[in-house]
Undergrad: 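This is the structure I have questions about; it appears just below.
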Amino acid sequence: MWNSKLVSRIREFCAGHRRSEHRCHLTGWWLFVGSAIFFIIAGLRSGDVLTIVGGILFLLGCLLFLYPMACLCERAEETRRGAEEVRDTPRPEERVCPRCGERI
């Protein structure tokens, strides 16, 4: 039924830690956005108002789900930058013994 190579590539794309899982979710939502745009176009071509309204509502729902994910990406980037800055600065409570070099 499903092509096993395709399934394994999707699993590779989505496997791993949070970052790749987040990327997989974002990709899925962007695909939904694309399909909503095609539904709207199909509704415009056929002149079906119900299809146009449904496509617009579907598009708005997808964008509503994408908004917190985009904010999450920005917060994660800020957190990562902050963690790097903290790692680079020496902590005042960490002192090193001048004789042996161990932390006191």
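Below, all heavy atoms of this structure are taken into account, side chains as well, without hydrogens, waters or symmetry copies. Source: prediction; values computed, not measured.
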Undergrad: Where is the tightest heavy-atom contact between G55 and A36, given as atom of each residue plus distance?
TA: O-CB, 3.9 Å
Undergrad: Among Ile, Leu, Val, Met, Phe, Trp and Tyr joined by side-chain contacts under 4.5 Å, find the other residues sharing a cluster with F38 and list them by chain and number.
TA: none
Undergrad: Got a second to check how far I52's CD1 is from L44's CG, nearest 0.5 Å?
TA: 4.0 Å
Undergrad: Not counting sequence neighbours, which residues clear ring pair (Phe, Tyr, Trp, His ring centres under 6.0 Å) with W30? List them please.
TA: none
Undergrad: Counting neighbours of CZ on F39 that are heavy atoms of other residues, nucleotides or ligands and sit closer than 6.0 Å, is the number greater than 12?
TA: no
Undergrad: Going by the side chain to side chain donor-acceptor pair (under 3.5 Å) test, which pairs reach into residues 47-64, not counting sequence neighbours?
TA: D48-T51
Undergrad: Taking side chain to side chain contact (heavy atoms under 4.5 Å, CB included) as the definition, give me every residue that meets it alongside L60, ordered by chain and number, with sequence neighbours left out.
TA: I56
Undergrad: Parallel, tilted or perpendicular: which fits the ring planes of F32 and F58, with parallel below 30° and perpendicular above 60°?
TA: perpendicular
Undergrad: List, by chain and number, the other hydrophobic cluster members for L57, where Ile, Leu, Val, Met, Phe, Trp and Tyr join if side-chain heavy atoms come within less than 4.5 Å, directly or indirectly.
TA: V49, V53
Undergrad: In this structure, would L31 and I37 fall into the same cluster of hydrophobic residues linked by side-chain contacts under 4.5 Å?
TA: no
